[in-house]
Protein chains: 2
Amino acid sequence: MGESTLRDVAELAGVSPRTVSNVVNGYARVTDATRSKVEHAIAVLGYRPNVLARNLATGRSGQIVVVVPYLDTPYFAELLQTIIPTARKAGYNVLVDQTDGDRDHEVELIGRGPRRFLFDGMIISPLGLSQEDLSLRDPTLPLVVLGERPSDGTFDHVGIDDVAAATEAVRHLISIGRRRIAAIGDQPYPTGEAAQLRTRGFRAAHTAAGLPVDESLIISTTRFNRADGATAMAALLDRADPPDAVFCYSDLVASGAIHTALQRRLRVPEDIAVIGYDDIEDGRYGRPTISTISPDKKAIAQLAVERLIMRIGSTEPVLGVELRAAHRLIPRESTLRDVP
Amino acid sequence: MGESTLRDVAELAGVSPRTVSNVVNGYARVTDATRSKVEHAIAVLGYRPNVLARNLATGRSGQIVVVVPYLDTPYFAELLQTIIPTARKAGYNVLVDQTDGDRDHEVELIGRGPRRFLFDGMIISPLGLSQEDLSLRDPTLPLVVLGERPSDGTFDHVGIDDVAAATEAVRHLISIGRRRIAAIGDQPYPTGEAAQLRTRGFRAAHTAAGLPVDESLIISTTRFNRADGATAMAALLDRADPPDAVFCYSDLVASGAIHTALQRRLRVPEDIAVIGYDDIEDGRYGRPTISTISPDKKAIAQLAVERLIMRIGSTEPVLGVELRAAHRLIPRESTLRDVP
DNA sequence: ATAGTCCTTTGCAGCGCTGCAATGTAACCT
DNA sequence: AGGTTACATTGCAGCGCTGCAAAGGACTAT
C-alpha cells in the first residue's frame, strides 16, 4: 500500500500512462468514457501526481519566492498576506526568505546558485543591493522588484509614487500650520534610493509652500524601525530649537518617535505633530493613532504577482516596466486632534 | 551556453558522472586529485546541481512548510523570523502558508494531496482543526504542532505552559490590588483549547487567592486581534459594574482593549489595568507599554525546527512529545504606573 | 610471487512524469 | 466506395540525478 503511480492507474483503467496524464492535466481532448474510467481508477488507488517528477519533466517548480529584508516588519507581513493567496490561486506555491537587509545574502539569492531551480520567479524587496548588484543577477530569473529601485529594463518594478506621496505628507503638516518640520529616515548613500525619494518630496513640499528647508532637521537612520525612530526623535527634542512636526519614513519610525515624545511629556499633535508612512495596522490602534501615507498594498501585491507570472509564462524577453499603485493620505490623531 | 549537467562535468574532468555526484555531495572517499579535477571542471562550466532532479531521485524536496493562520499577526511573524534561518542552516527551504484559520484549508494541507511531495515536513499552528481532524492527516507527514493541541502520540507539540502562564498573569493583577478581573479571549468550543487553558489559569489564580470568579467577566472572542479586544472592552465598560483589570489572551487583544479604554478617557492602569500575552514588539512601544506574558519565541521556533528535522531524518516512527519552552511575566506600564 | 584487503571509482537502472510526433480509428466528403 | 479529415490515444525517449552493488586498482601480508 505504497504510493501509486501514473502507470498503476493506467494499468487499472486499461489505458496508456500518457492518457492518464492527459486526464490529470485537464487536457481537453479526452472522451468522457475514457475520462471517467481513469478518474475511477484514480479514486480507487488514491493516486496523486508526484509533483517532484512533474517538476523535473517540465523544468519548472511551480514555486515563486518572496524575498524581504525583515519578516516581522508589519508592512511586509501585510504584503505577504495578499501575495500568498494571489499566487496560490494561479497555481504557485510561495517560498519566503528573509535577508536582514544583508547585501551578500541578497546577491546570492538573485545569482545563479542551485536554489534557482526551486523557483520560477522572484519578488524581492532589496535593501542592500546596489544598482550594479542587480545586473549581476541570473539573467534567466524572472524578477519583480518592490520598493524603490528603478528598473534597468530587464525586470519590473512595483511601488507607489514616493516623491508625490512624501510631498503630500509634508504638505499636510504645512497645512495644519507647522513650519519647523523634521524628517526621520533619510539614507544618503547609494542603496538608499527609496529614502531619498521621500526626502525629495520633503523638499518639494517646502519649495511649493515657499518655506526654507532646515537641513539639520533631516535625520538619517540605518533602518526604518521603532528603535531608530525613538533615537532620532530624542536627538531632535534635545535641540535648542526642536521641530513642531516630523515626517517619518515609516509608521514604525513614527511609532518610536511618538513614544519618545510622549515619554518627555510632550503632547502629540499639539506640541509636535507626527506623520508616518505605510499605514500598518498598529498605527490605527496606538494612542494617538498615526496619520500616514497609505499605499494600496493589495494592489502592489497583486500587480507584483500577476506581472511575475506573466513574465514566467512568456518565452520572449519582456520589457521591464514601472508599475505604480495608488496611495492616499490618511490623517489621524497624530496630526489632527480630533479625527472622526 | 545553456545549463551544464553532471554528465558534462564528468566528461570534461574525465571521470564518471557518479564521481562528480560524489564530489558535489561531499562524499568523503574521493582522492584529492580527483576532487580538484572535478572542482575545476565545475568552475569552468559554471555547473550547479539541478535540485529538481535530485528531488526526484531522492524522493525528498528539502523543503518544510510552515502553516500559520495569519501572517500579519506579529506573533507568527516573529516566530517565522527564527524558524526560517534555523531551517536554512539545516539545509531546508521554508514554504509559508496561511489558512485564515479556515478548517478546510488546514485539513487539506495536512491531508494527502499532491502538495505533500513538496515538503518533507510541516510545522503548523492550527486554529480550526479539531482533534479528530488531526488524525485524518497523511500519516507519512512528519508534523510538529504549535500552540495548544495535545499530541495524540504521532506528532510533536511545542508550546509554553499556558495554564501556568495565565495563572501568573492573573496573579500579577491580584498582587497590584485588583479584585474585579475580566478575561478577554475565551473560546468555549472544541477548537478553542488554547484559549481554554488560559481560562483555566485565570480560574486557578482566583482560587489560589481565595477570590470568587465572576463568570460574566469572561468574554469570548472568535479571534485574538485588536478589533476583538476593542469590542470586548467596550462591552465590559458599558456594564454597571465594570472590572478594574483585564487579562487579554494576546497582546493584540490588549492593544485593542487599551485603545477603547483610553478613548473613553479612562486611565490605564489607574482606572483599569491590562495585561496581554505574547510579548510582541508593539507592546513595548505603545502608550502605555503593555504588561505581558513573554514566551521564549526563539526557543519555540528552534525546538520546532530541530524536532521536525529529527523526525524527517528518522526511519522508524518517532513517539510524539510535548516540548515546553520557557515563559516569563513582564510587567510594564499597563499594570504598573512606573516601570524602569 | 600470489593471495588477500582496502578503498576509489564506476555502470546500471530507474525515480515518475511530460513533450513530441505518430498511430489508429471514426466520421466525413465527393 | 475510395479518399480525406479530424481527433482520441499512444510510444518513445529523456528530464538530471542518486542508490546500489560491483569492478578495478593499489597496497599489504605471507
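Note that this is a predicted model, so its numbers are computed, not measured. Note on naming: letters A, B, ... go to the chains in the order of the sequence lines (proteins, then strands), and numbering restarts at 1 for each one.
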Exercise for the section: Give the B/S/- string for nucleotides 19-26 of chain C, one per nucleotide from 5' to 3', where a protein heavy atom under 4.0 Å of the base yields B, of only the sugar-phosphate yields S, and otherwise -. Expected result: BB------
Handout entry: Overall bend - the helix from dA1(C)-dT30(D) to dT30(C)-dA1(D), comparing terminal axes fitted on five pairs, nearest 10 degrees
Key =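 It comes to 40° between the two terminal axes.
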Handout entry: Non-neighbouring partners of Arg311(A) that pass salt bridge (Lys or Arg N to Asp or Glu O under 4.0 Å), sequence neighbours left out
Key =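 Partners of Arg311(A) by the salt bridge (Lys or Arg N to Asp or Glu O under 4.0 Å) criterion, ordered by chain and then number, come out as Asp156(A).
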Handout entry: Lys37(B) atom NZ: more than 12 heavy-atom contacts under 6.0 Å
Key =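 Atom NZ in Lys37(B) is crowded, with more than 12 foreign heavy atoms closer than 6.0 Å.
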Among the nucleotides [options], which one has an atom lying closest to any side-chain atom of [X]?
X: Asn25(B); options: dT10(C), dT18(D), dT10(D); answer: dT18(D)
X: Tyr27(A); options: dT18(C), dT10(D), dT9(D); answer: dT9(D)
X: Arg54(A); options: dG16(D), dC17(C), dT18(D); answer: dC17(C)

Contacts of [X] that satisfy side-chain hydrogen bond (donor to acceptor under 3.5 Å, both in side chains) - sequence neighbours left out:
X: Arg48(B); answer: Asp138(A), Glu3(B)
X: Asp133(A); answer: Arg103(A), Ser130(A)
X: Arg324(A); answer: none
X: Arg35(B); answer: none

Considering every strand and a 4.0 Å limit on heavy-atom distances, what is the contact class for [X]: base, sugar-phosphate, or nothing?
X: Pro17(B); result: nothing
X: Tyr47(A); result: sugar-phosphate
X: Val51(A); result: nothing

Close N/O contacts between protein and nucleotides 21-23 of chain D (under 3.5 Å):
none

Exercise for the section: Please list residues of residues 35-44 of chain B whose heavy atoms come under 4.0 Å from any atom in DNA chain C, ordered by number; otherwise none. Expected result: none
Handout entry: Whichever of Val30(B) and Ala53(B) has its nearest DNA chain C nucleotide further upstream toward 5'
Key =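 On the 5' side of the pair lies Val30(B).
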Problem - Any pair counted as side chain to side chain donor-acceptor pair (under 3.5 Å), so long as it reaches residues 13-22 of chain A, sequence neighbours left out - result: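 Side chain to side chain donor-acceptor pair (under 3.5 Å) check on residues 13-22 of chain A returns Ser16(A)-Thr19(A), Arg18(A)-Ser21(A), Arg18(A)-Asn22(A), Ser21(A)-Asn25(A).
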Problem - side-chain contact (heavy atoms from CB on, under 4.5 Å) partners for Thr154(B), two or more places apart - result: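 In terms of side-chain contact (heavy atoms from CB on, under 4.5 Å), with neighbours along the sequence ignored, Thr154(B) is linked to Arg137(B), Asp152(B).
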Problem - Selection residues 72-98 of chain B - residue pairs positive for salt bridge (charged side-chain N to carboxylate O under 4.0 Å, His left out), sequence neighbours left out - result: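 Sorted pair list: Arg88(A)-Asp97(B), Asp97(A)-Arg88(B), Glu78(B)-Lys297(B), Asp97(B)-Arg115(B).
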